[in-house]
Amino acid sequence: MTASDASWRPQGAVRIVARDIWRRDAIGNFCFQIADLLRAAGVEAVLYAENFSPDEDIRPLADVFTQTVPADILFYHFSIEDPAFEALSQLACARILYFHGITPARFFTDSDPHTEGWCHAA
């Protein structure tokens with residue numbers, strides 16, 4: 001099988017979801033790279049996040065629940081506690097879970113108590 005062989009491609013879109021997608025951040029960069037690789041192979045790839053720059057081609061997380069169909073693949077990038085995780089796991093499509101790892105909460109103690117809390121919860 002070669003990259004030009006269409007037999008490996010999904011029937012629908014690949015919906016890439018992470019709680020946060022930002023440029024120059026490890027998770028965000030990874031999500032953008034996955035989307036770029038899929039698009040270069042002719043696969044529709046759509047990014048969704050709860051927190052993101054409005055300057056980027058990313059859709060609000062809520063949209064994934066109305067736009068996903070059974071032929072799609074959900075690529076979920078898990079990296080922090082996410083209240084949407086349970087609902088995402090119930091979508092009627094194939095699902096891929098990529099575990100990024102959890103940043104130790106202490107890294108956010110002095111700079112971002114909100115994120116520190118999410119790290120503790122994860």
Side-chain angles (χ1 to χ4, degrees):
M1 178 167 42
T2 66
S4 62
D5 182 2
S7 65
W8 67 270
R9 293 190 183 117
Q11 296 290 321
V14 176
R15 303 197 181 273
I16 302 166
V17 177
R19 182 162 173 82
D20 305 294
I21 299 178
W22 303 100
R23 294 258 182 216
R24 294 175 296 284
D25 171 77
I27 294 161
N29 286 343
F30 182 78
C31 291
F32 285 119
Q33 289 168 349
I34 292 295
D36 290 344
L37 286 169
L38 289 167
R39 290 172 183 149
V43 175
E44 180 184 1
V46 186
L47 295 163
Y48 299 87
E50 182 76 26
N51 304 297
F52 59 94
S53 171
D55 300 335
E56 299 288 354
D57 186 18
I58 301 170
R59 297 179 187 175
L61 179 63
D63 289 358
V64 77
F65 296 104
T66 59
Q67 297 175 353
T68 301
V69 298
D72 293 341
I73 296 173
L74 176 73
F75 185 102
Y76 180 73
H77 191 120
F78 182 76
S79 65
I80 196 164
E81 176 68 15
D82 189 345
F85 181 73
E86 181 65 29
L88 289 165
S89 72
Q90 300 302 312
L91 286 172
C93 64
R95 295 170 303 278
I96 298 169
L97 173 68
Y98 178 83
F99 178 68
H100 178 87
I102 308 298
T103 301
R106 70 181 183 277
F107 289 6
F108 299 100
T109 299
D110 295 329
S111 62
D112 188 350
H114 182 74
T115 300
E116 177 188 19
W118 285 119
C119 291
H120 279 298

Tell me whether V64 is reachable from W22 by hopping between hydrophobic residues (I, L, V, M, F, W, Y) whose side-chain heavy atoms are closer than 4.5 Å.
no
Any chain of hydrophobic side-chain contacts (each under 4.5 Å) joining L74 to F65? yes
Interatomic distance, CD1@I73 vs CG@L38, rounded to 0.5 Å, equals 8.5 Å
Exactly one candidate in L47, N29, I16 meets side chain to side chain contact (heavy atoms under 4.5 Å, CB included) with I34; the answer is I16
Residues, nucleotides or ligands: over 12 heavy atoms within 6.0 Å of Q90 CD: yes
Practice problem: Establish whether I96 and F32 are linked, either directly or via other cluster members, by ILVMFWY side-chain heavy-atom contacts under 4.5 Å. | Solution: yes
Rounding to 0.5 Å, atoms CZ (F78) and CD1 (I27) come to a distance of 10.0 Å
Between the CG atom in L61 and the CG atom in D20, the distance rounded to the nearest 0.5 Å is 10.5 Å
Here the pair of heavy atoms bringing P83 nearest to R19 is CD-NH1, 3.3 Å
The complete set of side-chain hydrogen bond (donor to acceptor under 3.5 Å, both in side chains) pairs with one or both residues in residues 67-78, sequence neighbours excluded, reads R15-D72, Y48-Q67, R59-Q67, Y76-D82, H77-H100
Interatomic distance, CD1@I58 vs CG@D63, rounded to 0.5 Å, equals 12.5 Å
* Asked: Under a 4.5 Å side-chain heavy-atom rule over Ile, Leu, Val, Met, Phe, Trp and Tyr, are L97 and V17 clustered together?
  -> yes
